[in-house]
Amino acid sequence: MAERVGDAALWRVGWRLIGANNRELGRSAAVFESFDLCRAAVLRLREGADQARVLFAMSDPSGKWTWRLELGGQQAAMSGRTYQRQREAQHNLSLFLTAVPLAQLIGEMPPGLAVSS
């Protein structure tokens, strides 16, 4: 997604980790100003996922659960959806953490996403 700021287009980039069944396992907890910054955040998560701090929380008054990961005091990843039970959120987090080191990364910004002036 590109957003116009003055005469320039400012990219807001995030990432998602998709499982083999095309379901979202998790996503970035922040947006980044460039593809390179986003990719660097994914690499930091990949290197430090085993040291991440895990946070589970009820996300709304209906009692649905979410999870977040913190690395070095900063939000690194979050669940892409809410869960009826805490154990479902824990299971999803386990799937996410298993998939992080196996995930395929693209090396550069896909050509179809270039911003035109």
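Throughout, numbering of the chain's residues begins at 1 and tracks the sequence.
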- request: Would you kindly confirm whether Leu71 and Met78 end up in one hydrophobic cluster when ILVMFWY residues are joined by side chain heavy atoms under 4.5 Å apart?
  value: no

- prompt: How far does OG1 of Thr66 sit from CE of Met58, to the nearest 0.5 angstrom?
  reply: 10.5 Å

message: Hydrophobic clusters here meaning ILVMFWY residues chained together by side-chain heavy-atom distances under 4.5 Å, can you tell me if Leu95 and Val100 are in one?
response: yes

Contact check, side chains of Val31 and Val13, non-hydrogen atoms, under 4.5 Å: no

Arg46 side chain vs Ala103 backbone, donor-acceptor pair below 3.5 Å: yes

field: pair Leu105-Leu43: side-chain heavy atoms closer than 4.5 Å
entry: yes

- request: For residues 15-27, pull every pair meeting salt bridge (Lys or Arg N to Asp or Glu O under 4.0 Å), keeping only residues two or more places apart or in separate chains.
  value: Arg16-Glu24, Glu24-Arg27

Inter-residue atom distance Leu25.CG - Ser94.OG, 0.5 Å rounding: 10.5 Å

message: Tell me whether Gln74 at atom CD has more than 12 heavy atoms from other residues, nucleotides or ligands lying less than 6.0 Å away.
response: no

- prompt: Of the non-hydrogen atoms in Ala29 and Ala77, which two are nearest, and what is the gap between them?
  reply: CB-N, 3.8 Å

statement: Correct closest heavy-atom pair for Ala76 and Trp15 would be O-CZ2, 3.5 Å

task: With sequence neighbours excluded, give me every ring-ring contact (aromatic ring centres under 6.0 Å, His included) pair touching residues 50-86.
output: Trp67-Phe96

task: Specify the closest pair of heavy atoms between Gly14 and Cys38, including all atoms of both residues, with the distance to one decimal.
output: C-SG, 3.7 Å

message: Test of understanding: clusters of I, L, V, M, F, W, Y form through side-chain heavy atoms closer than 4.5 Å, transitively. Do Leu45 and Val54 belong to the same one?
response: yes

- line: Value for CD (Gln104) from CG (Leu17), rounded to nearest 0.5 Å, stands at 11.0 Å

- prompt: Can you check side chain to side chain contact (heavy atoms under 4.5 Å, CB included) on Leu69 and Leu93, steps first, answer last?
  reply: CA-CA 9 Å; Leu69 292 180; Leu93 175 61; 4.0 Å; yes

NE2-CZ distance between His91 and Arg85, expressed to the nearest 0.5 angstrom: 13.5 Å

